[in-house]
Structure formats: C-alpha cells, structure tokens
Amino acid sequence: MADFTRNEMMTIVAARALKNDDVCFVGIGAPSAACNVARLIHAPQITLIYESGTIGTRPNVLPLSIGDGELCETALCTVSVPEMFRYWLQGGRITVGFLGGAQIDKFANINTTVVGDYHKPKVRLPGGGGAPEIATNCGEIFITMAMGKRAFLEKLPFITSMGHGPTGAERRALGVKSKGPTRLITDMCVFEPDPVTMEMTIRSIHPGVTREEIAENCGWTPRYFDNCSETPAPTAQELEVLRDIQARTKAAHAA
Amino acid sequence: MADFTRNEMMTIVAARALKNDDVCFVGIGAPSAACNVARLIHAPQITLIYESGTIGTRPNVLPLSIGDGELCETALCTVSVPEMFRYWLQGGRITVGFLGGAQIDKFANINTTVVGDYHKPKVRLPGGGGAPEIATNCGEIFITMAMGKRAFLEKLPFITSMGHGPTGAERRALGVKSKGPTRLITDMCVFEPDPVTMEMTIRSIHPGVTREEIAENCGWTPRYFDNCSETPAPTAQELEVLRDIQARTKAAHAA
Amino acid sequence: MAKFMSLADAVAENVRDGDSVAMEGFTHLIPFAAGHEVIRQGRKHLTLIRMTPDLIYDQLIGMGCADKLVFSWGGNPGVGSTHRIRDAVENAWPHPLAIEEHSHAAMANAYEAGASNLPFAVLRGYIGVDLPKVNPKIKSVTCPYTGEVLATVPAHRPDVGIIHAQRADREGNVLIEGITGCQKEVVLASKRTIITVEEMVDKLDAPSFNSTVLPHWTIGAISVVKGGAHPSYAQGYYTRDNSFYIAWDKVSRDRDTFLAWMKENVLDKTPDAFAAHAKRSA
Amino acid sequence: MAKFMSLADAVAENVRDGDSVAMEGFTHLIPFAAGHEVIRQGRKHLTLIRMTPDLIYDQLIGMGCADKLVFSWGGNPGVGSTHRIRDAVENAWPHPLAIEEHSHAAMANAYEAGASNLPFAVLRGYIGVDLPKVNPKIKSVTCPYTGEVLATVPAHRPDVGIIHAQRADREGNVLIEGITGCQKEVVLASKRTIITVEEMVDKLDAPSFNSTVLPHWTIGAISVVKGGAHPSYAQGYYTRDNSFYIAWDKVSRDRDTFLAWMKENVLDKTPDAFAAHAKRSA
C-alpha cells in the first residue's frame, strides 16, 4: 500500500464518487482537486461548472479561486453569474454539488456563517455564498470536511445550508425533491444518510483509522452501518494523478 | 417644392422628430425608414434597437423584418430576446418607441389584435407583439399611421396598447410615468396630445392637405391647436436620402 | 445527453400527439425542416407555442396538426397575414383552434422563467390593455416591498422544444450565433429537445457575433439538416429567401392551393430536400 | 452618456457620502484602483454592496468608509479571512458595521431585477436555512398559478455602480470579456456608474470569450487606469497576483500594520501607480 495523507484519501474518495455523466458544481480546494482527478482518471467527460460562470472547464492546473482565468480559457462556454444561478443551478441542471463548511451536524446541515449570536458574533465566518441554493437545487450533495470536535457538532449555532434539516425530517417535509447530502467524505471515513432517520452514518473507514479516533473527533456519537467496511486505499494511479496536478498547480501559481 | 408622396412626407416628419441622443426601439416599415433617414441626416449618433436583440445597428439597407442578418452584422452588440425585453425595454433604457397599428382612437390607444368579438373575430389581426410594453416602458411614443375612416376610430373594439387610455385619463391614473404617445404622425398631418385632455390634436397639416380631407379620413371630429401650422415640406436632401436608402433596399432584397 | 439521429427518428421519438411544442427562431434560424417532418409524421392535437407564428406555424395549423396556439404576434413578416392561421381562428378550418395570446415581453419572460425553473414570471407589463380581460393566464402579484402590483404569466415548460442552429461539434455541443432570440431559453425550458444544425464540425469556434453555446447534456436529439431553416436564414450560411415569403401569401390564401403545395413540397419530400435551398441562396 | 475623465474626477463627481455603492467583479476585474480613489477622497457612511467582499472592501471598511455591508460571501479567496471586515463586525473597529446578508443566488437575482427595473426578484431559494430569520429583507410571494411559496429579495438599485473592464472605444462603448460576473447587471441597475478600463481603443473587436458590450449611453464616467484591477486579474492583460492575496493576510491582521500599509500604498499614491502592476505581472 502506497503512503498517503488523510487529506489525499479524502480527495480521492470524493473523486471516485463522481461519474462520467455528472454535471458538477465545483467549490475551491478539495472539491476542485477531486473533480479534476475524476476527470483525469475515470470520468473524462464529466462536466465541471464553477459558480463564476464557467461551464465545462478542463483546467490544466487547479484554480486558486473559483474565478481564475484558466477556468474561462478552458471552458466550453462562460455565462454571467446571474445566468449561472438562474438557468443552471436553479434550473436544475446540476447533478452533484460539492459543499464544505466550518461546522456540520449529524443531519449534514452546515454552518459557514457565524459562531455565537448572529448579531454579536464571536467569530464571523465568510457566509453562505452559493451554498444555500446549491444545497437544495442540485440533484445530490457531496460534502468534504476534515473531522474535529469543533467542526462536527451535535447542534449548530446557525444553519447556512440545509442538509436533511435540524431533526433529519425537515428537508422532506419542506417538499424539497433533490436528495441533499448523500455522502459526507471526511479525512477519516465516509458517512451516508440512514435511509429512515437521515442521520449521517458511517459507511466506510479509511485505512489506518480507528473507531476511537473517529469518536474523539466527532461532536456526536457516530453510528455505523452494519456492513461498514474499510475504504479502499488510494491506488498508485490515483495518487500519481492527484500529486501531479497539485505539483503543476504549485508551479503555476508560484510563477 | 419638390414632388413627394404623402408616405414620404410621413416618413420624413417622423425622421425629423428623432434626436442624436435618442435610443429608439424600431418597428418595421415606416419607422425603420424614418430612423435610418434620421441617422443619415441629422442624428448620426442615434441608437437604433430592434426587438430581435440588435443594439446600435447601422444598416446599409432597410431590413425586411426586425430580425434580418444585416441588423446583427452592423450592430454594436446583439442580446437575446428575453434580455431585450427585460434589461433594455423594461429596464427603461429606450427614449423613443415607434408604434403603428391597424386602428387608433383619439387618445392614441391602438388596436392590432382583432376586429369584432375577441372570441369570434371578424378579422383576426396579428396581435400585440412588443407593443403593450413598448407603449408604457419607453420614454415617449411616436406613432406613424396613414389616415382613413376604418383606421381612425371613435372607439376601438380592442385596446392592444395603451395610449392615454380610453378617456385620456387612464394612463396617468394608472401611475404610468412615461409620456406615452407624444406624436401621431400621419400621411396628412401631425397630432400631439392636448396637455389637459390628452386628446390627440392637430399640430400641423402637411402641404397640399385640407381640413376637409382630414375630416373625411378620421372617425372622430378632429381638433386643431390654435397655432396649427403647415408641416414644412421635405427638403431635397431629405427626399434624396430617403429615396436612396429605399432604392438600395429594393436592389438588395431583389438580389 | 445529445444523441445524433435522423430528423425522422428525432421527431418520431420526441414529438407525441397532444404535446406542447415550441419551435422558436426570431426571424433567424426558424426550424422549417423540423416543422415539415412533424407535418409528415401526421402529429395531431399539438399545443403550438411561439412568439411569432409565421409560415411554419401557418403550415402546421393549416394541415390540422394543432388544437391550440400560444403566441404574441402572428403574421407573414413584411408581407401580411398568415392566412391559414386566420382561416383556423376565423372559420375553424380545418378545425377549431384555441388561442392563448400574450405580448412578446410576456412570452420572452415565460421562457426565461421556464429555463430558470420558476413557476411564473413577473413583468412590468399589460398595463391599461385588454389582453388580460380575454386571457385568464395573465394574473398579478404584489411586490412585498413596495406594494406595487405587477403582471405575471405562467412559465413555459414545453414538452418539446425545437430549434435550428448553425453547428454542433462531435460531442453534441451546439453553437448559435447572430440573432439568437429565445432559443437558449426554449431548450433549457423544455422537457425534450430537437435541434437541427447546418453541419457537424470538429470545433465550434465559439467566439463570434453573440455566440451562444448549448452544452451537449442540455440537448436531446440533434439532426444535421443542411438548409433546414429555409426560407428563413442561417447567419454565416445562407440568407433569407424573401421571394418565398411573398409567394406564400398567394399559396396560402386558398385552401386547395395550399393543400396541393403541401403535398408536393412537404408530404412527398424528405428533410434532404432542404439542402438545395441552402445552396441556392448561399 | 459616457464621459471620459480622470478617476479622481469620476469619483468626486459620482460618489457621495452616504451613497450605496456596488463595486463588482467576480474574482476577475475587481475595481481596486477605483476603490482606492474612494478611500483617498475620504468618503464616509457608504453602504457597500458586493457578492464577494474581499480585499478592496476589507480596505474600504478598515478605513472607515462604510456604515453597512450588503453581501453574500466575505473572505480572502483561497487564503482565509478578511480581517478588517471581521474586526468591524466583531469589534466595531474603526466603527460599527451593519450587515445585510444574502446568498449568492439572491444577490445575483437582486442585480438582475435591478437591471430589469423590477422592484424585487423571485427565487427558489433560502429553503430550510436560518438567514431569513436574521435578514428581514428576505420575504416571499405565492405563485398565482401553483400556490408554491418562493423567496423574494428587493432589487439592488445602487446609487453608484463601479466596475473595471478591459477596454473602451472612443465613443465610450465598453467591452468586458472572460468571466463577466454580474458587472453588466450592476451597470444597468445603478443610478450612476464609473468604469475603469485598461485602455482606450479604436475598435472593440467584440467577438471573444463571452464578450459583453455595454453601450456608451448606459455608462456615466469612464477612466483609463492601466492595471486598475490589480491584484485581481484582467483577462488578456495580466494575471492574478496571488502573492499579494497571501501577503494581505498578514498586513490586515494588525490594525497599525494595516493603517501604515494604506498610507504608503493608497493615501500617498495616485491611480497611475496601478500601471506598474499591469507591467509586472503581464
């Protein structure tokens, strides 16, 4: 088994989840790496869309921001931001939306707005950006986040984007027809929603990670599917492609 | 005085009414000729917009339809039809809208929809097209129509686009802030609204036309402004430019 | 996902009796070949949607394909009436035609709302006019901030959207350039789509006058039909055949002349016949 | 009607204390030079509108120009926090900053509604989230056809819209290409506008990546400011200066370091200083 970091494992698991015919709304950081690794390995036809308006981008290096020139130059086409949110996201054209966040609860609701009282914040976070509408208008949502007690919380101070709702029932009750978060991919394991309670439940544990470690880094007592397995380790090809694009990116942005 | 037709007089009067800084929503036929004569004589910077989406067109020949390729090729830019109606017309960017129609009443309301009962029409006309929103969203409206008893009616069977309203009061009462029809340019005379009653009132009579003739071709008893004058006849330059563009157009469309 | 197929197959697979069908093209790129194929395949009870029903809708309605017309301006542009549409509305020939009438602004907004997956559109329109009295689909909402009352129309969500475009690449991405009308919105608002194109190319070469690209995954069927927009025009390929529009006035005035013309030029032909038009006026 | 003038004159004429000001640019073409000029001229009590307040708003807010921020995502993209904005929100330094917070979709729709001269925008959004509880501007309407309840936001109609673009022709028509964000909408929605451009040219040469043209009669002031989008980028002219974004994290963490940097690099400079940046990273 090749040597790999937990962050690499997280990115590669996310890449594996993407299919050739997906139309994917990409955020920056891990999702961008995952989407482009998928494109370079098993999903050459995947359509990557960045909220800056670029459709069908095939960047050679990873963008630093969602609006880099590389995204536009390699895109099939570029549209305005209002059109992106109206025709493409709200239009229901996106099959997979990627989200991350500062804090998450067991029903995959996410907070990226504020810690403490909204009007007298302890920590002011960046805010929702595209997330509130990505969460409901994409076919399904993949979330990537590194685990930790300050990030994986029993209860959020603020819901920036809805997962399955505060008790897991609200999404359905509100009549939202898209699936919401179907995978929560962390640096330690992969969660999927329990089909009945919608609680994010551990489907597989990454190689070398223990249940104790997961418990220590989770603000609630995590549940496991009966058939919870070990996440297949990154293949040599997966690692090579990921490291290669990251090296190209580093070289390009340093220049 | 040069020889000219009443139709030429109508087009030239309409052309004179346009200013260099106008942004003009152009229909087909007389308005298109008038706008382009204005552009070629005294308003070289006038912006002509066709509802097909072409902005700032400078056609060399008159288009046969509002969507001719010549309009796009000579335009500053072309936008989609939804954008045209949302950002440009509804956006309040147009200073002058041109309208024509099958029938008109003394308050410059226009019918281009139907003669007879709407649901069992005697004559089904083409319908409103852009007119209902042109009539209220442009800064002011110029109307060009040839006079006749079947066209200039005391009461319309159907109001397709609002002038000053059925009694002249409705436009103001509805809170519409644009001016509405400020000129009704016919083949016999020019009407402008009475500032109090808003009834279209004759401001000038074209050379060679009598009040009797006007009365015979108007379904209501037309009123005249006290200082009603004679419309200045077309100049040699005006006629030359108009005939020239019409000849070019004929040659181009016959080819 | 875009699938290249013959126009006959595309229409057979996608257009069903009773469907609502929007064939768009604002003077430019009108999908005549596709309209003819719908006539040849004998579709019935269609609801035809189009801002500017002109010759192709005159033909469809005259041949009895439609039960209803949703539109904002109907005529033979620069020439006069669409006689077959008038005959259907005024005399119920070949059978009655229901109409749902809007303004251009409302139609354009309705497509835009459809593409945006909204159930309705809001516009500053229909003020002081009679259309809302005869079209119950025109309603209103009150602005929650200013109290202003604005007009609404339901979003267009056609069963089938049909357009003609300049070209497609091998992946099925489609380029439209020049006057693009509301074609992008029609494709994005429709459940199924058929796009006829002048040609298939290796590369779209997108930057051009107002170039608009529809990604392959927004499209159903694509058929290469050279000349498929004749007698309208395809910017960069061929110009408008004005003589046809003028001639149509005479052909369409009389029911028998019309039927004879349709038999000879539509029913007894195939989409390949359009290629000759592309050459003739190129 | 577009008027060419110096950036100093453009800001002096168009930006007034207490105005609502939208400076837009989605990562690309951020109007830094114009923002610096607003700071130099000491404007106060502004309501700053922007989807993604990043470094230029961090600078404006840190210098005390703004009383209120209307936004949807605030941060140093790819780097971390905007420390001056956080200091204003968390600690009221240099004075309290009111916030009106939206999602990107709502902000984009609000500009679109402003450009469309509508008082509000309708979106399928804000479902199941907490923002409507803390932002009273988020309301709803009921679809008159389906009964569905949809979110609304008021249209943005800024007093001043400020953007940076690639070039203007001598008539004042402006071309933006590449990622155009919501800049067209900002210009069309604003009462007054300032556009800085990289250069003045004889011909716009419009067909290009996603080229967008703003006619001269939709524009107030135009100022040629070479490099005026630095440290963001201008497609076709210069690339993003990533090192600046990284360095800003350190500069902006400390109030005194920030103030010293602003004095040296903004208060004691003129718009001409930006030309050096354009060269450096071209």
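Quick note on labels: first sequence line is chain A, next is B, and so on, each numbered from 1. Basis for what follows: all heavy atoms, side chains included, without hydrogens, waters or symmetry-related copies.
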Check: D/G227 main-chain N/O paired with D/E198 side-chain donor or acceptor under 3.5 Å: yes
Nearest non-hydrogen partners of C/S72 and C/M107, listed with the distance: OG-CG, 3.4 Å
Results of ring-ring contact (aromatic ring centres under 6.0 Å, His included) for C/H102 - residues two or more places apart only: none
Part of D/T146 lying under 4.5 Å from any heavy atom of chain C: side chain
Donor-acceptor pair, side chain of C/Y57 and main chain of C/I85, under 3.5 angstrom: no
Heavy-atom closest pair, residues D/T239 and D/Y233: C-CB, 3.4 Å
Closest approach of D/Y111 to D/E24 (non-hydrogen atoms, all atoms of both residues): OH-OE2, 2.7 Å
Any residue of residues 118-145 of chain C which, by heavy atoms, sits under 4.5 Å from chain D: C/L118, C/P119, C/F120, C/V122, C/L123, C/R124, C/K137, C/I138, C/K139, C/S140, C/V141, C/T142, C/C143, C/P144, C/Y145
Nearest non-hydrogen partners of C/Y238 and C/G228, listed with the distance: OH-N, 3.4 Å
Nearest heavy-atom neighbours spanning C/P154 and C/A110: O-CB, 3.5 Å
Toward chain D: residues of residues 179-193 of chain C with heavy atoms under 4.5 Å: none
Parallel, tilted or perpendicular, as decided by the 30° and 60° cut-offs, for the rings of C/H230 and C/H277: parallel
D/R50 side chain to D/G25 backbone, donor-acceptor under 3.5 Å: yes
Any residue of residues 159-172 of chain C which, by heavy atoms, sits under 4.5 Å from chain D: none
Closest non-hydrogen atom pair, C/L97 against C/A66: CD1-O, 3.8 Å
Greatest number of heavy atom pairs closer than 4.5 Å to chain C - which of D/T152, D/T212, D/L150, D/V213: D/T152
Positive for side-chain contact (heavy atoms from CB on, under 4.5 Å) with C/K68, one of C/T47, C/L48, C/L46, C/I49: C/T47
Pairwise side-chain contact, D/T52 with D/P77, heavy-atom cut-off 4.5 Å (strictly under): no
Between C/D67 and C/H45: side-chain donor-acceptor atoms closer than 3.5 Å: yes
